[in-house]
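All remarks here apply to the structure that follows.
Position 1 is the first residue of the sequence; numbering continues from there. Because the structure is a prediction, the values reported are computed rather than measured. Basis for what follows: all heavy atoms, side chains included, without hydrogens, waters or symmetry-related copies.
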Amino acid sequence: MSPILECVPNFSEGKDPGIIKQITDQIESVGGVRLLNVDPGKATNRTVVTFVGPPEAVIEAAFLAIRKAGELIDMRGHKGEHPRMGATDVCPLIPIAGITMEETADWARRLAARVGEELQIPVYLYEAAQPDKRRSNLSVIRAGEYEGFFKKIVLPEWKPDYGPSEFDVRRGGTVIGARDFLVAYNVNLNTTSTRRANAIAFDVREAGRVIKQGSTDVQVPGTLKAVKAIGWYIEEYGIAQISMNLTNIRVTPVHVAFDEVCRAAGERGIRVTGSELVGLIPLQAMLDAGRYFLEKQQRSTGVSEKELIRIAILSMGLDELGPFKPEERIIEYQLREGAGDRLVKMKLNDFADETASESPAPGGGSIAAYVGALGAALGTMVANLSAHKKGWDERWAEFSDWAEKGQRHKDELLRLVDADTAAFNGIMAAFALPKGSEAEKKLRSAAIQRATRMAIEVPFRVMGVAESSLAVIKAMAVEGNPNSVSDAGVGALCVRAAVLGAFLNVRINATGYMDKEYVGDILGRGAAIVEKTIAAEKEILAIVEEKIATQ
């Protein structure tokens, strides 16, 4: 998965939409960045902006926004309810997909260095980006706020990590760091009592509650780590809620928080009726929730991404107060452009018609990938049927594991359907480049070679993934529901067609590639995959024939 970063800068302006728009215009000017949310607050005089994209683009957008905020916002006249110390008060980076926290912290330090050096704004690092844990807490750094920082910044222990050790009277200072994704999540209760909702919130939140033991106040922690929670009454809905901030969903995922609130509420005679997600959530959090609730039912988790999300929504009642639309609420779905999966989103008849048209793409490579996906899907189907077979309850986890493996193979082969067509289109685009001068000919030739290599590697990947799916299919032929053994056989036939078909594409595209050492290597490896596939298919079909004959 390509790396995706989220950035949530907080700007010290919440009243003037013109200023806010100029700042967000800077963010949207950077290609690859998607502006997801702009949330101004008049009372706080503060705007929280959320945008996502690949790391390089996010860092560029954040820098431009910080620069523009420093030009437009004068902290000398700023008043608001929220603590603040600068025009861009805080700018956290959050890893969303395909990137570690350590890598995110490194990007935060790069941004901080650039802001300090190029803009001459004092910058402090926080959370994962700050190596000195004595000053990694945002509230500790910001203590004293804008008004108090003129004295604070000259103290040796409060020397900025980047930028001048002199507080900027107009722009103030800023805090840049890396932190985990924060999920704002509310759980609905069948009560109108704020007091009882607060009691449940104190039961579960990490800080817990303070109780008296004689003359001493004792802090008793709650049951959920990395969770902040309060109870409140929402007049619009006519119910009380537990309002939570999940500050580290790797420590306490959404589904764990939901179940724990259900338990705590039940002990107090209150029932959870559903829940509400505020803002966005990473895809993995929803998939983990779907798997969690299926496992609780002892049902196979080897189902599609769409089904996992549906189970998560149903299990947590995320649509009780309004429709929960995954395409609007899941971060990765907001980033998808759609062009990369045009073929696999078609109806079956449209896909067949497109293949049969005079257009050369989709061609054999895409069809090989799709046939392989169908083969993997059949193996997965047998695994799921076996997991749910009456009398086989003790084996559901075994078949669930096989189904998950099959789903991964199927999903990758579906991705390669469009990837193969994109690779072919890349060759056509390279051949269309100008060739009027020697320089243009050289560039065109290099582009053709790059595109040709991609057109070799995509079908070669199809071969490898399809052949790997035979392990699932064989296991299902041997161990799976005997009533579906013929489906395993058809799956093996599909995979054989996929591997041999993809190899034809590898071979024909290799004829146009100049690196003969590379060509010889990949053709040799491809031939080995073909040999393994034919042998495995023969073995699977023998098993299938034997089982059919004995039924």
Side-chain angles (χ1 to χ4, degrees), residues 1-4 96-98 282-292 294-295 299-313 326-327 330-348 351 362 365-387 399-423 457-476 487-488 490-492 494-495 497-499 501-502 529 533:
M1 184 176 291
S2 299
I4 300 172
I96 298 300
L283 172 62
Q284 193 60 50
M286 292 295 289
L287 299 181
D288 289 345
R291 291 190 184 98
Y292 170 81
L294 284 173
E295 286 173 358
R299 300 280 291 178
S300 173
T301 57
V303 296
S304 68
E305 181 176 292
K306 182 179 179 180
E307 179 64 8
L308 286 173
I309 292 169
R310 190 181 77 88
I311 292 295
I313 293 169
E327 66 275 11
I330 294 175
I331 291 171
E332 288 88 341
Y333 288 2
Q334 286 221 0
L335 296 177
R336 291 178 180 174
E337 297 294 339
D341 56 2
R342 184 181 71 87
L343 293 174
V344 296
K345 290 293 178 67
M346 285 182 173
K347 294 180 180 179
L348 283 174
F351 183 77
S366 291
I367 299 306
Y370 190 62
V371 170
L374 292 177
L378 281 168
T380 305
M381 180 191 78
V382 179
N384 280 318
L385 288 170
S386 304
F399 290 115
S400 176
D401 288 343
W402 281 115
E404 282 210 12
K405 291 175 183 176
Q407 286 285 350
R408 288 194 290 271
H409 295 316
K410 179 211 73 179
D411 289 343
E412 175 66 0
L413 287 163
L414 284 176
R415 185 190 69 79
L416 291 166
V417 171
D418 279 285
D420 189 84
T421 292
E457 291 183 347
V458 171
F460 184 77
R461 175 66 177 162
V462 170
M463 294 179 70
V465 177
E467 188 273 328
S468 294
S469 73
L470 286 170
V472 177
I473 296 170
K474 180 182 176 182
M476 292 308 98
D487 298 305
V490 175
C494 287
V495 169
V499 171
I529 293 173
T533 299

Tell me the closest heavy-atom pair linking Ala498 and Ala368, and the distance in Å.
CB-O, 3.1 Å

Using only atom types and a distance under 3.5 Å, with no angle test, would you say the side chain of Asp420 pairs donor to acceptor with the backbone of Val458?
no

Between atom CD of Glu332 and atom CG of Leu287, what is the distance when rounded to the nearest 0.5 Å?
8.5 Å

Paired with His409, the side chain to side chain contact (heavy atoms under 4.5 Å, CB included) test is passed by just one of Val495, Thr380, Val472, namely Val472

Quick one: does Glu327's side chain have a donor or acceptor within less than 3.5 Å of a partner on Tyr333's backbone?
no

Would Asp288 and Arg291 count as a side chain to side chain contact (heavy atoms under 4.5 Å, CB included) here? Give the steps.
CA-CA 5 Å; Asp288 289 345; Arg291 291 190 184 98; 3.8 Å; yes

Is the shortest distance from a Lys or Arg side-chain nitrogen in Glu412 or Arg408 to a carboxylate oxygen in the other one below 4.0 Å?
no

Indicate the atoms forming the closest heavy-atom contact of Lys410 with Ala373, along with that distance.
CG-O, 3.7 Å

Please confirm whether the backbone N or O of Ser300 pairs with a side-chain atom of Ser400, one donor and one acceptor, at under 3.5 Å?
no

For the residue pair Pro282 and Ile4, establish whether any side-chain heavy-atom pair is separated by less than 4.5 Å.
no

For the pair Glu404 and Thr301, evaluate side-chain hydrogen bond (donor to acceptor under 3.5 Å, both in side chains) and give the outcome as yes or no after the intermediate values.
CA-CA 6 Å; Glu404 282 210 12; Thr301 57; 2.4 Å; yes

For Pro362 and Phe351, which heavy atoms make the closest approach, and how far apart are they?
CG-CE1, 4.5 Å

Are the side chain of Glu467 and the backbone N or O of Ile529 linked by a donor-acceptor pair below 3.5 Å?
no

Quick one: OG on Ser366 to CG on Leu414, what's the gap to the nearest 0.5 Å?
11.5 Å

From Arg461 CZ over to Leu413 CG, what is the distance, rounded to the nearest 0.5 angstrom?
8.5 Å

Under a 3.5 Å distance rule, please check whether Asn384 uses its side chain to pair with a backbone N or O of Ala403 as donor and acceptor.
no

What are the two closest non-hydrogen atoms of Ile313 and Pro326, and how far apart are they?
CD1-CG, 4.1 Å

Start with the C-alpha distance between Arg415 and Val344, add both sets of side-chain angles, then the distance that settles side chain to side chain contact (heavy atoms under 4.5 Å, CB included), and finish with yes or no.
CA-CA 8 Å; Arg415 185 190 69 79; Val344 296; over 6 Å; no

Which atoms form the tightest heavy-atom contact between Phe399 and Ala383, and what is the distance?
CB-O, 3.4 Å

Member of Val462, Val371, Val465, Thr533 meeting the side chain to side chain contact (heavy atoms under 4.5 Å, CB included) criterion with Val499
Thr533

So, Ser469 side chain and Ala466 main chain: donor-acceptor pair closer than 3.5 Å or not?
yes

To the nearest 0.5 Å, what is the distance between CG on Leu343 and OG1 on Thr421?
4.5 Å

Does the side chain of Ile311 come within less than 4.5 Å of Val303's, by heavy atoms?
no

Spacing of CG belonging to Leu294 relative to OH belonging to Tyr292, to within rounding of 0.5 Å
12.0 Å

Please give me the minimum heavy-atom distance between Ser386 and Val382, naming the atom from each residue.
OG-O, 2.7 Å

From Ile309 CD1 over to Ser304 OG, what is the distance, rounded to the nearest 0.5 angstrom?
8.5 Å

Main chain of Leu378, side chain of Asp487: is a donor-acceptor contact present, judged purely on distance under 3.5 Å?
no

Step by step, work out the side chain to side chain contact (heavy atoms under 4.5 Å, CB included) result for Glu305 and Leu283.
CA-CA 9 Å; Glu305 181 176 292; Leu283 172 62; 3.9 Å; yes

